[in-house]
Structure formats: structure tokens, C-alpha cells
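The analysis underlying the following values was restricted to heavy atoms, covering all of them including side chains, and did not include hydrogens, waters or symmetry mates. Model, not experiment: these values are computed from the prediction.
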Amino acid sequence: MTASRAAPAASHPSALSRDQLLELYYWMRLTRSLEERLVNLYRQTKVVGGLFRSLGQEADAVGSAFALERRDVLSPLIRNLGSMLVKGATPLEILRQYMARGDSPTRGRELNIHFGDTERGFIGQISHLGDMVPVMAGVTLSFKLRGEDRVGLVYVGDGATSTGAFHEGINFAAVQRCPLVVVVENNGYAYSTPVSRQTAARHFVDKAPGYGIRGLQADGNDVLAVYQATKEAVDTARAGEGVTLVELITYRRKGHAEHDNQSYVPEGEIDRWAAENDPLDRYVRVLRTQLGFDAEAIAGIEARVGAEIDAATDEAERSPMPEPRDCLVGVYHDPPLAPVLWYREGVRSAVDSHERPQGWGTYDAR
Amino acid sequence: MTASRAAPAASHPSALSRDQLLELYYWMRLTRSLEERLVNLYRQTKVVGGLFRSLGQEADAVGSAFALERRDVLSPLIRNLGSMLVKGATPLEILRQYMARGDSPTRGRELNIHFGDTERGFIGQISHLGDMVPVMAGVTLSFKLRGEDRVGLVYVGDGATSTGAFHEGINFAAVQRCPLVVVVENNGYAYSTPVSRQTAARHFVDKAPGYGIRGLQADGNDVLAVYQATKEAVDTARAGEGVTLVELITYRRKGHAEHDNQSYVPEGEIDRWAAENDPLDRYVRVLRTQLGFDAEAIAGIEARVGAEIDAATDEAERSPMPEPRDCLVGVYHDPPLAPVLWYREGVRSAVDSHERPQGWGTYDAR
Amino acid sequence: MTPAEAATGEITYLEAIREALFEEMERDPNVFCLGEDIGRYGGAFKVTNGLIDRFGENRVIDTPISEAAIVGAAAGAAHMGLRPVCEMQFIDFISCAYDMLTNYVATARYRAFLPCPMVVRGPSGGYVRGGPFHSQNPEAAFLHTPGLKIVYPATASDAKGLLKSAIRDEDCVLFFEHKYLYRRVKEAMPAGDHIVPIGKARIAREGRDLSIITYAATVWKALEAAEQLEREDGLSVEVLDLRSLLPMDDEAIVATVRRTNRVLVVHEDTETGGIAGEITARINDLAFEWLDAPVKRVAAHDVPLPYAPALEDFVLPQTSDIVRAARWLAAY
Amino acid sequence: MTPAEAATGEITYLEAIREALFEEMERDPNVFCLGEDIGRYGGAFKVTNGLIDRFGENRVIDTPISEAAIVGAAAGAAHMGLRPVCEMQFIDFISCAYDMLTNYVATARYRAFLPCPMVVRGPSGGYVRGGPFHSQNPEAAFLHTPGLKIVYPATASDAKGLLKSAIRDEDCVLFFEHKYLYRRVKEAMPAGDHIVPIGKARIAREGRDLSIITYAATVWKALEAAEQLEREDGLSVEVLDLRSLLPMDDEAIVATVRRTNRVLVVHEDTETGGIAGEITARINDLAFEWLDAPVKRVAAHDVPLPYAPALEDFVLPQTSDIVRAARWLAAY
Ligand SMILES: Cc1ncc(C[n+]2csc(CCOP(=O)(O)OP(=O)(O)O)c2C)c(N)n1
Ligand SMILES: Cc1ncc(C[n+]2csc(CCOP(=O)(O)OP(=O)(O)O)c2C)c(N)n1
Ligand SMILES: [Mg+2]
Ligand SMILES: [Mg+2]
């Protein structure tokens, strides 16, 4: 099974109910509006560290995650806020996380959307690109070994495909026929590096035969096409037929992070994608003209999203900062607590004198 | 340029002179006989550490290296004794190396055929599989940057293709369009692991399109076919057209190393390859029946090889063991000498009392 | 080798490891092994020999040559409730999984509350003419990674007991096996479910005049030296076998310093950057007043480990080195 | 920034690094840079900004996201006579090249007589809210690898002078740049071809009562503490900035111990397994008799570095910690 091909155009996704069709829009809208809120908070310096956008890639994240069942597991990357929302992450969690609050999912330990929850079925990524592929090979190996009817999905960017970890992980999963879907989000750039300097391949989907797996390619800005292709890959995995590589072609309209001015992008390229190929605009058009939804349905979602984000922001802003000593908890199951170093004994916190180092101005970590 | 295909059958390699056609046999014969001598020395416990054979793979090693010019550079692996001989390594060096003598190419520092010489154009490998691919990407990058008319060739086993380093290195070279040939020696096994557990791909050459490079496949036991395919790849590199992946299909007739009893190999498989597909037998037949060489020409080579190996063995056996303190020389250019530790000061060697740890019986390192 | 057979006599360090794997796989169906050539072939050193016959291909998994994937996949499986035991064919190849171990695995619990109970084990160490890439001692490279545990047994019973603890531990344990000891040391196993707790050192020999703190193969060299020093110099040398390197048994270290007031730290790794530095710092920190002499180190020379016997023997610490160093220290 | 401009005034630590690259690339056509986003974009921190305009795409190479390939390719090019300077986008990603560096690069000269003159540089260190994967200090992980050199400058002029030495060195130098210092410290560069030799420490402040041995960002915290201790306690504190970690300047270490007899080792890396252990062992070895107090450490807590300001500040050593520890040590 090494055939690579474009998945069929998917303007009539008969398997989705009308509620689901609207839901897709809800998740995309929520993703975009939540990020817009984060931009405001970033400008107010309430965000600690960098801010990463998925503007223009909402369809890719939402449509692919939507193809999973609740019991399935996915591993998101920095531009998969939409996937995480679909999988059950809440705006409140995201906001607390970006503001490094004590009651955020990582209690202030990790950056931005680097968090997970195995109950809801998403795994906290680390920064080192590619590493989640072997990890998801192992997650799905466990499904196979236990005979569980569960599937895993891991995202990699066009840039991350160059890492050794990606290669080792996808190959391992392919040989073991793990129930895994590998989504390559080809958004044209890795930081400033265009795809042409990342690989000499014509398409990322051309990598599939080299691993003896199925390959599919879809328009990443068409949420229904994304859903359809991913669903096909998920079904393949669920049927015990192993790994599929799904290439989603999309475009990163913002810089790598908020500070990046995208000087390396050819004149007009961003505007063209924004004008002609915005995934939300496109889907609204489909909903209205092809699927027969009225303007009220769309407006209703927008209102709901706005209210939800406002409420979440209010609550997140009330969230406490972490207690300094919480940093010592839980490196190991046993011992549960790292010792306080001798020169701190009896001192409330490191910073009860004056010093409080500032983050470095334009520093953006991922 | 992503086409993958089998190179044409090569029974009439018009570009090779009659001397060169005979020379190919000389190198194959030298490889095999030298390894047979090493087996004797191994049984006499004169070899330190393991012994690795390339029995049945001589055509693959010799034919591919023969496609290079003197100024080109190759990076051999453990089963590329033949390639190293073609590139100028001598039987004497090999014997001294296996016996860990003080005047061996690595002065007793490294194992078996792990050595190189940039003058003659081969680079000393390390054990960690895959690592030589990025290194050769860099070697050939230097050719490109300096506009030198030189090509590089790196070998990887079927097993080594699973490493992250292989992937990162070949991709790097592909993007940079380095003048590099990557030869995948598919000999059916990686230690005990058959190819089917190493990859789900049908052919290793199927990996080429995923890197946007040319792919060629050839019968690794037909020395002329090997030469032809590699030559084509070398010419491509020399023409500035980038990387080619050449898959050579061969078979490892001995175990991973001498101690390995090959219990994992299906009954009869080895005998079948030996009887029907021995590269030396096959080539002698071609030389005699298709290329019109007489029995004397063949016998002459065999006699010459025998004499050379006898002479080299005699000389290698006279070679001194290393001087212990030579171990402190040359970790850095500056300082040139590592200090002797304090408790050794004034002591001639670590072992002037009684102790002399023994190698672990069936231990075989690579 | 069944548990019944084993109870009747001495078994080697290598067999002890196999026995631990066998017993833990019997006890807990979540335990499984993965690595290169560990199935039908039984591993390069035959440590996993026979496991596949008993537990099948799903619990003794042959992998591609992909150390990062082996470790990463183990982590993923561990998150889901399995208990993977990874084999590195030689521990030297753990370097290929360095990122995965130090960044992904070690931090999983802390940053993401993901349990990651797994073991990475493999043949380590020199004295076997393995050359620079089949003789390494990688412990120091992992010592500054909170989230990992490191053990390195010297005896057959510790090998068994520590591996069983490692498999039951809720976090990732690096289990280094000294290949020089694989078939050289033998012991009868304690009866029953033999467990050696992680984090506890062992007094391998009691003494009053001087302490040698060490672990793995050099424990045996230290014991040899101690005997010679007793015989020839009337010196009473204590040998402390750390067994666990992370966490380290500070209590035992302090106790031996207080007893003898003179410490020699011995290890096979290079002197610079080896674990002796950490041990010395802890002694300074916790027992400086008890020192009658500087803490001294006996370790490998700071060079890659060469292959020829004469060279390897010069680079690595030998019993005679320990004897000389101990005499110097005793006379200080 | 041209050399002419630079000579006229103070430049930052970051600009000093760029100036060293610029001057060395001007001087030697074999020097070239490779890394992720270092070309047109000028690097994540803009260290290589402008280099591509001057030296072109062949000498400022944007690579795929492949740290092992970057380092391995640099080694291959170095064998052939080039002088590559690799950038790790963040030094945390050097872990992905750990195998290549410790096994291939570090041993090339010793095992195969292959010269491997190359530099691996990148933004390191914390105090910038970078979280666990953008704040690391990897020096200790490479300390036990003979064949590598390690430098970690604290000042702008050392950054420049050491990088120039590193590029001219015949072996591989790991050049760690502290990103907290990138734009925070400034200095006028010494005129001419400013070279700082590898392996030589620097007395950052002279003192008689107590020595602080440190490097990188904590040099500045030590200096701050020293001032406070002078002001508030009348203590005269010497601050030794190691600058080079491998090789280490034993002479300078011994000299400061002999001067003050009390040593505090300070670093940003975790306490366990950090370089302070090695320093402590060397002091024990070479200057034990000169110690009036135990060598003590001030370092990070043994946890992955968390992201929230309150947590990061607690984990990392702060000036007030150094002050408290120094007071304790002075009173010992
Ligand atoms: C191993 C590794 N090297 C470098 C980085 C730094 N880095 C973070 S994101 C990024 C670009 C990623 O590009 P891509 O994979 O295409 O994802 P995208 O941002 O486009 O979604 C880089 C180089 C990293 N995180 N990990
Ligand atoms: C990174 C790494 N992992 C494991 C090993 C141990 N090892 C040495 S050779 C070998 C099998 C190699 O198989 P293949 O690449 O097919 O080469 P062949 O021996 O068949 O020529 C293994 C697993 C190694 N040398 N390097
Ligand atoms: Mg991208
Ligand atoms: Mg093979």
C-alpha cells in the first residue's frame, strides 16, 4: 500500500451532520478570535514570552482533529491551537497558559500551548521538533499491543520533516503498522526558511513510498477536504492498515511568532493568500451557498465565540501567579519534592530582595 | 529529477578497458582472500576483537568504488573492505589494523577497518551508523563551495537507513545539491534483523523521490552492473546535478561478525546465494565466456593475490604492539599531549604489575 | 533459565539481568522489551535470550536501528500505562537518544504531568578491547538532568534487584550494565522477590583507614586493591559501592567519610567531567570537617578509549593504580 | 556594523560576536557559517545579520532543521580544510547533535588523524522566561568528552576575542553565548586583532577574603554580590571568570584559592552534575591545604527550568543567594 494521491475534492461530506458542519466553523472561529484576543493581551504585555499564530491555518488544524474520535489521541504543535480546542482544551486554559498563571494546565512550567491531557486525548509537546513522532509511535504501539480501538495523530511542520526524530519515528510506526496518522502541515515556511530550502522533494507526500505507507495530499485551507483526507487516514489506521502520511497544503500568514516581521516573504504573497484563500472566508461561503446555512447561523456562532472568549479572559486575568516553591514539586514520583538549596533555607523566595530579571525584549521562545 | 528506475543491465561496459575489466576481478579476489586470511588469524586469536566479513558482497564494494576517480572521496562501512582496497588501502594496513599493531593506520586506537586517509580519498568511519552521511554531505559541500571537480560516495546498510543521521544527511545534501552518491547496500539483514523489520518500503530506492533526488537500483552481485549504476550516479554528481541514491541488492552470506551463527536465517537461503549468486563466480564466468579472457589470466590474478597476502601477513606479524604512552598523544592539536594521571607518574605502564584484562570471549564490537 | 533453576545455584551478572526481566514480565503484563535484535536472536550479548519464546513477539519487539525512536516510543507507551524496557545494543548508542531522554523523557512528569515509567538498559564500560565506540560509560552525561535516575550495579544480585526496582519505578531509570562483568561475576540470588532499592549504596568491604567510593567494574578492582593493601600494608580499606548514581546516597557517603577521614573516588570514566567531581563536591559540602586529606580521584585518562590492549590498559584505571593512590592518601 | 564603526564606541555582547564573525570571515576565506535562518533573516537573535550581504549565500548557509546534519556536515567540511561555524538556533537543540559531537567530531583527530576545526555556537542560558527548552546550559554534558573545547564568555570583549580564537583553533570549540547578556552588556572593543586565548580565566574583580569562581551570566551576579558585600560587610571578594571550561585554567583557580582560602563556585546550571563538581575536585586535588572552609556551590535547583517568572526566579541562582552564601562562607 504505497500509493500516493490527492484525496478527492470534498464539497459534499455526506457523513457530517448539519450540526457538525456548523461546529467546524465554530472551532475555526474560536481559534482565530482567541488568537486575536491573545494579540491584545500580548500588546498589553500580559503574555509571558512569544505569541504564535495560526492565522490562515485554522482549517488544517480543526478539520484534521475533527476526524478523530474522543478516545483517540493527538499530538499538537504550536500552530495547532484549533486541534487542541477540538480535542477539549478550553480558551481559559490557553489564556492562563500564555499568561503563565499558577492555575494554568502546566502551573506556569511550560510555554504557551505546550500542554496536554491524556484524558481528553492530547499530549503536551516539547520544543524539539520531530520528537513527538517517536512518542506518538509509542502511544499508538500501545493501542496495537492492547488491541484498543484507538488511533493517534501527530502533526509535523514542513520544517520538522528534516529532523532525524521524524524519520525514525515514522519508520518505526510504519514497520510496526501502528494506528498512526502523520499530518505534514506544509505552510510554506519554517521560521524564515522556505520549503525549497528544507527539501528538494516536489511534495512531502512523496515521502510516503519510502516508508511503505499510504500518502494523501489535500488543500489545507478547505476544512472539508482536510476532514475528508484525515478521516480516510484515520479509518485506515483504525482498520489495522497502518500509517498514513497526510500532506496539508496551507500558508502561514503571520510570522514565526509575533516579533517576526516576515521581511523574507515575497511582496504580495501574504495579501494574496489573505484575499483569495482564507479558510474561514472560504468555509463561510460554502456554508452559505452550497450547504444552505443562513447568515444568522453564522452570526450566532460569532456571538457565542465572542462571549466565551470575554468570559474566559476575565477569569484568566483573575488567576493567581504561581507560588514560587511549586517549582520544586514533582520532578519525580519519588521523591515528590526537590530539596531547597542550602542558601535559600528560611528565605521565602529568591526574589524577596529587589531583583526580578526582565524577559529579553524581542525574545520569543518556542 | 525524481525518477527511480533500475539501471540498464550492463554486460557490455564499453567504457572499461580490458585491463580494467581484469582489475575488477583482482580487487574482488583480493578482498575475499584477505578476509580468508583474517579468518585464519582470528582462529589463531591474533585478531583483537571481532571479525567482519563481506563474503558475497565483494562486487558491490569493488564495483561501486571503481566508479570513482582518484581525487574523489568515499566513506566505507564495515563490509566495504573491497572499496577501501580499490581506494588504495593495502592488505598490510588491514592486517595490522585487525591485529591492533602500533604501526597500523590508527596506531591501535580503532578497530578493524575503521580508518581512513584523505590523501587516498577515504574517510575513517565511526561505529554509530548513519553518522557518515552528514559528514559526507559536508565533504561534498566543500567540493561544491570551492568549485572542485570532486565527488563523494557514502555507503549505508539497509539497517543504517533507519537512523536519523542518514535522513538528516541525505536531505541536507539533496537541498544543497552536493556532489554525493549514497549507496544503500541492501544485503537482506541488519545483524539478525531482516529488511522487512527495518522498513515497510518495497525498495530502498523508493526513498529517493521523498528527497527529490535521483534513484537507481542494481544487482549488487553483478560487478559490472554495480559499476555502471554507480558510474551514472557519479557522473550526475560531477555534472552538478546533485545526489543519487543507489540501491545495490546483495546478500550477507556470513553472520554479522564471525561469532554470529546466523540461526535466524531461513534454511537453505545462504547455500542458495552461494551456489547461484556468488559475485566472483559470476564474474569469472562473464570474463571467460562473454569477455574472452582465458584461464591463465584468472589464475595469474589468483597467484598474485596469494603472494601479496602472504607477504603482507609476514610483515604484519612482525609489526610491534603499540607503546602504551602513545595513547596520550593527539587528542587535541594543542595541547598535543594529555597529562599522565598523578598515580601513574614514574610508572612505566599501567600493567607493569601482573594484571592484563582479557577480552570478553564472544565479544564482537563494530 | 526459569526462576526455579536459578534458585538452586549461582548465576552470572548477565543471567541475573535476564532473570529480573523474566520475573517482571511474568509479574506484570504491562512490561515489555524493545530493541535491536533482542527477539529471536536474543540480543547481541544474549541478555534477552529466550524471552520471546515465553512472551511472544508483542512483548519482545525487534526494532529498526533507531535509538531515538526506541526511547521515544517507549515514552509514548509508558504514558499509556505500559512499562517498556529498552535495550541499547551497546550503551554507546544512547548518545543517539540523548535529546529524547534529556528533553522529552526527563521532563514529562514535571512539565506535563505525564508518567513515564521506563527503563533504558545496555552493555556499558570497557576493559574488553571494544575501542572508542563500544566501551563507553555515559553516566556523567546524564547526571545533570533532573527527572532521570541512574543505576550501575557491580554484582549479580544487585543487577537483578536493581533492575526489578527500575522496572517498577514510576520514572525513567537508566540501567547501565557492565559488560566486563556479564560473565565474570556470579552469585546465588536471594530467594523470593529480590528487590534492591534505588538510591542506596552498599558497603562492599568494611574498613577504618581509608574509603574507596566507586561503582560498576571498578568495585572489583577496589576490592582487589583493598585486599592487597591489607596484606602488604596492614591498611584497613572500606569500599563503598554506590550502585545508584542518581539519586546518590549522601548518607552512606558521609558515613564512610566520618569513619575513615580519607577518600579515594574511583571510576572508569574520564577524570575530567566524570562523576567523581560531583562526589567530591558533596563530600566538601556535607563532611568537609571530617576530611584529613584531599578527596582524590583515580579515573581514566582524558582521551577517547583506544582499542589495542596496551593502550586501553594504560588509559583505564587498574588495581595497581588504586593501590598506589591509596598508599599516597594513607600517608598524607 | 563594519569594523570601523565598531572601533568608535561601545558595542553589545551580541554585536561583538557578529564583529568576530565578520572579521574572521574577512580574514580567512575558509570560514563560513551554517545554521537555521541565519542567512537573509540574520538568525533568530540577529547575530548573523548582514553577513549574507557581505559574504553571499555560499558562506552564510541556511540549512534544513537538522542539527545532526549541521554539525556532521561542518565536520566533513572541516576535514577538507574549511572552517565552519555552526549556529544552533537555541543551544538547547545541540542535544540533537550530541552523538555527532561526542562520537564523531570529538574523536576525529585522535582515532583518524582528521583535523576538525569548527565552532558550534548558539544562544544559551536562562533568566529570560524561555522555559525548559530555550534556557539550557549544556556545558556539563560535554565536559567529559576529550577532544572538545568549551568556552562561555561573560563580557562583550571576551565574546569577541574568544570567538576569534575558537574559529582559529585547530579543534572543535563549543562556543556558548548567554542570551541574557546579548543586549544587556556593552563594551568598547580593544583595537586591532583582538584575541582572547582559550584556556585562560580572567580575574573580574580582585579580592582577599573569599573567591567566587563562575562564568557566563552569573559573573555579573557575582560582581553585584561582591559590591554589596564590600558595601555592607566590608568583605573583599575576588571574582574569577573562567571563560574557558574545557580546558580549565587550573593555575588561576589555584591562585585564587591561595589568595583567599575560601571558595564559592557559582553557576546557572543545576547543582547536581553541574561543572561546580569538577571545579571542587580540582581544588581538592591541587589546593586542599589552602582551604579554610569547604568549597560551596550556588547553582540552580535540580529541576527542569520552569517558565513563569516567579518559578524561574526561584530555581535560578540570584544575587541575593550569592550574598547569603558568601556571608556564611566568610563566617566559617
Ligand atoms: C530540533 C529543533 N531545531 C530548531 C528548532 C527551532 N525552531 C522552532 S520552530 C522552527 C521552525 C518550524 O517550522 P515548521 O516545522 O515548518 O513549522 P511551522 O512553524 O511552519 O508550523 C524552528 C527552526 C526547534 N524547535 N527544534
Ligand atoms: C546507531 C547505531 N545503533 C546500533 C549499532 C549496532 N550495530 C552495528 S552493525 C548493526 C547492523 C547494521 O546493519 P546494516 O546497516 O544493514 O549493515 P550490514 O551489517 O548489513 O552491512 C547494528 C545494529 C550501531 N553501530 N549504531
Ligand atoms: Mg512550516
Ligand atoms: Mg544489512
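- Of all the listed residues (C/D269, C/T102, C/I94), the one sharing the greatest number of non-hydrogen pairs under 4.5 Å with chain D is C/D269.
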Identify every side-chain donor-acceptor pair in residues 252-261 of chain C under 3.5 Å, counting partners at least two apart or on other chains, and give the distances.
residue, atom, partner, partner atom, Å
C/T256, OG1, C/S211, OG, 2.7
C/T256, OG1, C/E238, OE2, 2.8
C/R259, NE, C/E238, OE1, 3.4
C/R259, NE, C/E238, OE2, 3.3
C/R259, NH2, C/E238, OE2, 2.6
C/T260, OG1, C/S211, N, 3.3
C/T260, OG1, C/S211, OG, 2.6
C/T260, OG1, C/T256, O, 3.2
C/T260, OG1, C/R262, O, 3.2
C/N261, ND2, C/V257, O, 3.4
C/N261, ND2, C/W290, O, 2.8

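- The aromatic ring centres of C/H134 and C/F93 sit less than 6.0 Å apart.
- For C/L101, no part lies under 4.5 angstrom from a heavy atom of chain D.
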Evaluate C/E268 against C/Y127 for side-chain hydrogen bond (donor to acceptor under 3.5 Å, both in side chains), listing each step before the verdict.
CA-CA 9 Å; C/E268 190 186 315; C/Y127 299 106; 4.8 Å; no

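- Side chain of C/T218 to main chain of C/Y215: a donor-acceptor pair is present (N/O by atom type, distance under 3.5 Å, no hydrogens or angles).
- Among residue pairs with one or both ends in residues 94-112 of chain C, those qualifying as salt bridge (charged side-chain N to carboxylate O under 4.0 Å, His left out) are C/R109-C/D171; sequence neighbours excluded.
- Contacts of C/T270 with chain D are made by side-chain atoms alone, with heavy-atom separations under 4.5 Å and no backbone atom involved.
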Checking side chain to side chain contact (heavy atoms under 4.5 Å, CB included) for the pair D/M88/D/V71: CA distance, chi angles, key distance, verdict?
CA-CA 9 Å; D/M88 302 282 107; D/V71 168; 3.9 Å; yes

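- Of the two parts of D/Y104, neither the backbone nor the side chain holds a non-hydrogen atom closer than 4.5 Å to a non-hydrogen atom of chain C.
- Among C/T107, C/T272, C/L143, the residue with the largest count of heavy-atom pairs under 4.5 Å with chain D is C/T272.
- Looking only at atom types and distance, the side chain of C/N103 has a donor-acceptor partner in the side chain of D/S95 under 3.5 Å away.
- At a 4.5 Å heavy-atom cutoff, C/E67 makes no contact with chain D through either its backbone or its side chain.
- Interface with chain D: from residues 275-289 of chain C, residues C/G277, C/E278, C/T280, C/A281, C/R282, C/N284, C/D285, C/F288, C/E289 qualify, criterion being any non-hydrogen pair under 4.5 Å.
- Per-residue heavy-atom pair counts under 4.5 Å with chain C were compared for D/Y332, D/F142, D/Y307, and the maximum is reached by D/Y332.
- Judged by distance alone, with hydrogens and angles left aside, the side-chain atoms of C/Q89 form a donor-acceptor pair with the main-chain N or O of C/E36 at under 3.5 Å.
- The contact list for residues 293-306 of chain D toward chain C, using heavy atoms and a distance under 4.5 Å, reads D/A293, D/P294, D/V295, D/K296, D/R297, D/D302, D/V303, D/P304, D/P306 by residue number.
- Heavy-atom minimum distance, C/A141 versus D/Y98: CB-OH, 3.0 Å.
- From C/L114, atom CG reaches atom NE2 of C/H79 across 4.5 Å, with rounding to the nearest 0.5 Å.
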Which is it for C/H178 and C/Y152 under the side chain to side chain contact (heavy atoms under 4.5 Å, CB included) test, yes or no, and what are the steps along the way?
CA-CA 8 Å; C/H178 205 295; C/Y152 205 163; 3.3 Å; yes

Test side chain to side chain contact (heavy atoms under 4.5 Å, CB included) on C/E312 and C/V315 and set out the steps.
CA-CA 5 Å; C/E312 183 181 33; C/V315 172; 5.9 Å; no

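- The local environment of CD in C/E170 is crowded, with over 12 non-hydrogen atoms from other residues, nucleotides or ligands closer than 6.0 Å.
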